[in-house]
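Notes to accompany the following structure.
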Amino acid sequence: MLKKNFFKRKADIVAKELLGKILCRRIDGKVLKSKIVETEAYFGEDDPASRACKGKNKISEMMWESPGKILIYNVHKYKMLNFITGKEGEASAVLIRALEPLNFKARTSGPGLLTDSLKIEKTFHGESIFELKELFLENSNEEFEIIESSRIGVSKDLPVKLRFYIKDNNFISKK
DNA sequence: CATATGATGGACT
DNA sequence: GTCCATCATATGG
């Protein structure tokens, strides 16, 4: 189980360290485990791709909340799963883009697909990852190589590599 | 294999 | 109406 301090750092650091961690989803008494294989970091006012850059609104205000909270929002008919990072009062978050299913089969190679497969609903929005029994994280000691690249699907991006994924993993949303 | 395009729905101007 | 942190399908090489 990860502690609050884990998320209380810069979004890009947390995004990198979340790779390889195990995301657990409890449904009807069964625990579906999946490895996080792809993430993206989002900042606040300085990030043109971030929802927070134009100030607060219904979705982005959660980015100023305390680290470890869950932020869910829709793009088209899909939902995005984010974790709040950084100190409280600073807008930043990490988007989970892809998972590798460990003890079940599902399509999770994309941010919209993985939330569908894990039945992650908007009811998780605003909850803290430390307090939930239906959704939590497990640590992992696996070693792997991290690749950095530009973010995907963003109209205005920073000239910084803020997308991170595990090298040679087959569940990355795009290669 | 690659790139292009349309469907989709919520939030905002 | 417009803007998207998407996806599945269609088309061409």
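The basis for the numbers below is simple: all heavy atoms, side chains too, and nothing from hydrogens, waters or symmetry mates. Proteins come first, then strands; the chains are lettered A, B, ... in the order of their sequence lines, and each starts at number 1.
Taking atom CD1 on A/Ile70 and atom C1' on C/dA5, their separation rounds to 18 Å, with Å as the unit. Here C/dA5 presents its P atom at 12 Å from CG of A/Asn82, a figure rounded to the nearest Å. In this structure, A/Leu95 atom CG and C/dC4 atom C1' are separated by 14 Å, rounded to whole Å. In this structure, A/Tyr42 places its OH atom 11 Å from C1' of C/dC4, rounding to the nearest Å. With rounding to whole Å, A/Ile96 atom CD1 is found 15 Å from C/dT6 atom P. Rounded to whole Å, the distance from CZ on A/Arg97 to C1' on C/dC7 is 11 Å. Between the C1' atom of C/dC7 and the CG atom of A/Asp116 lies a distance of 11 Å, rounded to the nearest Å.
When both distances must be under 3.5 Å, the Watson-Crick or G-U wobble mate of C/dA5 does not exist. Using Watson-Crick or G-U wobble geometry with both donor-acceptor distances under 3.5 Å, C/dG13 finds no partner in any strand shown. A 3.5 Å limit on both hydrogen-bonding distances identifies no Watson-Crick or G-U partner for B/dT8.
Side-chain nitrogen and oxygen atoms of A/Arg107 include at least one within less than 4.0 Å of the OP1 or OP2 phosphate oxygen of C/dA8.
In this structure, A/Arg25 fails the cation-pi test against A/Phe104, since its NZ or CZ atom is not both closer than 6.0 Å to the six-membered ring centre and inside 45 degrees of the ring normal.
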Report, as a single string ordered 5' to 3', how protein heavy atoms within less than 4.0 Å touch nucleotides 8-13 of chain B: B base, S sugar-phosphate only, - not at all. BB-SS-

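The pair A/Asp12-A/Arg163 fails the salt-bridge criterion, with no side-chain N (NZ, NE, NH1 or NH2) lying under 4.0 Å from an Asp/Glu carboxylate O. The existence of a salt bridge linking A/Arg97 and A/Glu40 is confirmed by a sub-4.0 Å separation between a basic side-chain nitrogen and an acidic carboxylate oxygen.
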Please test A/Glu100 against A/Thr108 for side chain to side chain donor-acceptor pair (under 3.5 Å), starting from the C-alpha separation and ending with a verdict. CA-CA 7 Å; A/Glu100 175 184 347; A/Thr108 53; over 6 Å; no

Just do the salt bridge (charged side-chain N to carboxylate O under 4.0 Å, His left out) check on A/Lys167 and A/Glu145 with the steps written out, would you? CA-CA 5 Å; A/Lys167 186 183 181 185; A/Glu145 190 172 342; 3.6 Å; yes

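With hydrogens and angles disregarded, a donor-acceptor distance shorter than 3.5 Å links the side chain of A/His125 to the backbone of A/Ile72.
The side chain to side chain contact (heavy atoms under 4.5 Å, CB included) check on A/Thr85 picks up A/Phe7, A/Ala11, A/Val14, A/Ser92, A/Val94, with sequence neighbours excluded.
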